[in-house]
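Letters A, B, ... are given to chains in the order of the sequence lines, protein chains preceding strands, and every chain is numbered from 1.
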Number of protein chains: 2
Amino acid sequence: MNPTIKDVAKYANVSIATVSRIVNGLPGYSEDTKKKVQEAIEALGYQPNAIARGLINKRTQTIGVLFPEVSGMLSSEVLEGVENAAHDGGFSVIVCNTTSSGKRTVKYLRLLQEKRVDGIIFASEDVKEEYYKIFQEMKVPVLLVSTASSNYDLPFVRVNDFEGAFQATEHLIKKGHKQIGMIGGSKNDPIAGVPRMKGFKEALQKYSLAFSVAHITTNEGYRFQNGKESLPVLLKQLPNMTALFAASDEMAIGAMSAAHQLGIKVPEELSIIGYDNLKIAEMCYPALTTVSQPLKDMGQTAGEILVKLIKGEEKEAKSRYMPFTIVERQSVCDLRDK
Amino acid sequence: MNPTIKDVAKYANVSIATVSRIVNGLPGYSEDTKKKVQEAIEALGYQPNAIARGLINKRTQTIGVLFPEVSGMLSSEVLEGVENAAHDGGFSVIVCNTTSSGKRTVKYLRLLQEKRVDGIIFASEDVKEEYYKIFQEMKVPVLLVSTASSNYDLPFVRVNDFEGAFQATEHLIKKGHKQIGMIGGSKNDPIAGVPRMKGFKEALQKYSLAFSVAHITTNEGYRFQNGKESLPVLLKQLPNMTALFAASDEMAIGAMSAAHQLGIKVPEELSIIGYDNLKIAEMCYPALTTVSQPLKDMGQTAGEILVKLIKGEEKEAKSRYMPFTIVERQSVCDLRDK
DNA sequence: CTGAAAGCGCTAACAA
DNA sequence: TTGTTAGCGCTTTCAG
């Protein structure tokens, strides 16, 4: 067994209260006893038991983070930021992979409740009523990252997707493109689906360019495969398309891959702009021009806000829109050059 | 405050001991009281407090996982497997990002010790003496994933890197390549560095092909940038190289990117084989032929073994070499066709 | 079948 | 400056 505070007290010939004070840096002892106790701690290799502390303090110094997919490149960057902020604030993070399953999410939420985590970060998924109820039961701060809740008032940290999509499309337009298509997400996705399509549409309209349903393909997910399969159908719908906006980098790269196979040159014959700025965006060829979400920063910010909320340094959580930028690489060509 | 076992007992007019028995599925009560208690639990929304349980059971149902970089694509796949296995076994996982810093690693280990985690998974990094000492102090099972310890006897789950590299090289040779180069890792890396270079070298020798220091470039890391910068120097050292083996997918793709920029066609003029089979391997163009490590499986297996060890279902942990395969895609051409 | 009570390791009054 | 003591919420003997 690990030595306990009692062992230390006995070894140093003091009471456990004194040891506790010294360990916690509270006032109330002489330099002399302090030294004695520290020697005892050293000699015994004493480590305070965080579990016992948690029981009494009602604080576990732990937060839970829920992702739909921990191995996704998007999640993992966000996670890194969260973990970093948590660590700096003296918290540990428990990761939960919901796999987008409602049952699993609820199960995890219950678990986090039993483990008495001090706060929760919920990422990239819509908040169902079920979840919201548990959040309320738990009475711990909850923060949404790269998602928002349509139905409930929960603080979030994310990018303005409408704006991001709008500017991405505008970027294409300003490069002289007039026939622009979009590989979109799901119509039922109120977070990454609808707003990005809306941003695309409104950008076209602002510049008086043609827009119809034929300009967009929708997809179940935002993966490579979705993009790859979407390109041919978009091409059929919009034969003289010179540029496209994909609602995710993975889809953009899928489209790029399909283009290669079809013998379509990127960007000479087809310009592509993505969304996310994952690490792969600069690894593919040609390197992908994309809307950069500050993923790690978003995680970090969410973590920091959550920690402040837990510590009571901040009372009301205010939502944050994070700035995005358009990162120009090689996948978009300028039509005006010709 | 959350309701406690006391509240339930009072509500149901029984003792806390009885509630405890029912909650834990132990025998010793009538159907009648069981019903009463369950109603009380329902009515109060009682959730057992895992912290209090942990204090008494000396089990937190939590494991710690340490990665040098949680946002790496390799780490995140392993993490997914670990999380999955842990969850199935009734454990939560705390992630720790060591950033390859010794100090930070030690700090985390201490933290996990204080939090009384039941086991540890240590990934992708060499085990320093400092760490090993803490492992021993903690007296919890430790499992290494995709790494091994040269100095200490710790169970691991990984791929045989020498064999993987050997077969990757052999694959190139069997496709008729004779001038083969390698973009290697670090000479000081006993895990992914040395064995892969050795595998490369011995494969060449087995087939009586030329080998010299000029056939390998070494790198600090295994990143895209390393590969990108390595290609030109390797090309200078080995001007008539027709194929190369990169010690990681990221480096392979970096080399591919550099090749594109130099106007070298892959695979027609230069074949490339990677190592890892990350998700990006099938996303790049041409899709990367590579040595596939079953990353998620490795994490899953490690998680499962650790859980068994914790539960005492297994006494001695045996190390496991996981099978790898060569995934043929489009980045290697067959010279014999000509 | 059920309850009283001890105690897990610690913190925080309250005394001394 | 120090020690005593009462819990935190739970499990687990040990009686009844």
#### Entry: Parallel, tilted or perpendicular: rings of Tyr132(A) and Tyr152(A) (30°, 60°)
parallel
### Task
Check whether any side-chain nitrogen or oxygen of Asn24(B) sits under 4.0 Å from OP1 or OP2 of dT11(D), and answer yes or no.
yes
### Query
How many Å lie between NZ on Lys6(A) and P on dT11(C), as a whole number?
14 Å
### Message
Tell me whether the side-chain N or O atoms of Arg21(A) pair up with the base of dG3(D) as donor and acceptor below 3.5 Å, since no angle test is needed here.
### Response
yes
### Message
Between P on dG3(C) and CD1 on Ile22(B), what's the gap in Å once rounded to a whole number?
### Response
10 Å
### Query
Can you check the Lys58(A) NZ to dG7(D) P distance for me, whole Å?
13 Å
#### Entry: Candidate nucleotides dG9(C), dC1(C), dT12(D), ranked by approach to the side chain of Ala17(B) - the nearest
dT12(D)
### Query
Lys10(B) NZ to dG9(D) P: how many Å, rounded?
12 Å
### Query
When all nucleic acid strands are considered with a 4.0 Å heavy-atom cut-off, which category describes Pro48(A): base, sugar-phosphate, or nothing?
sugar-phosphate
#### Entry: Phosphate-side-chain proximity, Arg53(A) and dG9(C), N/O vs OP1/OP2 below 4.0 Å
no
### Task
Could you say whether Ser20(A) or Ser30(B) is positioned toward the 5' end of DNA chain C, judged by the nucleotide with the nearest heavy atom to each?
Ser30(B)
### Task
Please report, rounded to the nearest Å, how far the C1' atom of dC8(C) is from the CZ atom of Arg59(B).
16 Å
### Query
Taking the nucleotide of DNA chain C with the closest heavy atom to each, which residue, Leu55(B) or Gly28(B), is nearer the 5' end?
Gly28(B)
### Message
Just the rounded figure in Å: distance from P of dG9(D) to CD of Glu114(A).
### Response
15 Å
### Query
Can a side chain N or O of Thr4(B) be found less than 4.0 Å away from OP1 or OP2 on dG9(D)?
no
### Message
How many whole angstroms separate atom NZ of Lys35(A) from atom C1' of dT2(D)?
### Response
19 Å
### Step-by-step salt bridge (charged side-chain N to carboxylate O under 4.0 Å, His left out) determination, Glu83(B) to Arg104(A)
CA-CA 13 Å; Glu83(B) 203 279 340; Arg104(A) 207 168 146 127; 3.5 Å; yes
### Query
Is any side-chain N or O of Asn57(B) closer than 4.0 Å to OP1 or OP2 of dC8(C)?
no
### Query
At under 4.0 Å, does any side-chain N or O of Thr33(A) touch on OP1 or OP2 of dT1(D)?
no
#### Entry: Rounded distance in Å - CG (Leu26(B)) to C1' (dT12(D))
9 Å
#### Entry: Where Asp161(A) and Ile191(A) come nearest, the two heavy atoms and their spacing
OD2-O, 3.8 Å
### Message
With a 4.0 Å limit, can you tell me whether Thr18(A) has a side-chain N or O closer than that to the phosphate oxygens OP1/OP2 of dG3(D)?
### Response
yes
### Message
Base, sugar-phosphate or nothing for Ile16(A)? Non-hydrogen atoms, less than 4.0 Å.
### Response
base
### Message
Nearest 0.5 Å, please: how far is OH in Tyr11(A) from CD1 in Ile41(A)?
### Response
12.0 Å
### Query
For the residue pair Val23(B) and Arg53(B), what are the closest heavy atoms and their distance?
CG1-NH2, 3.3 Å
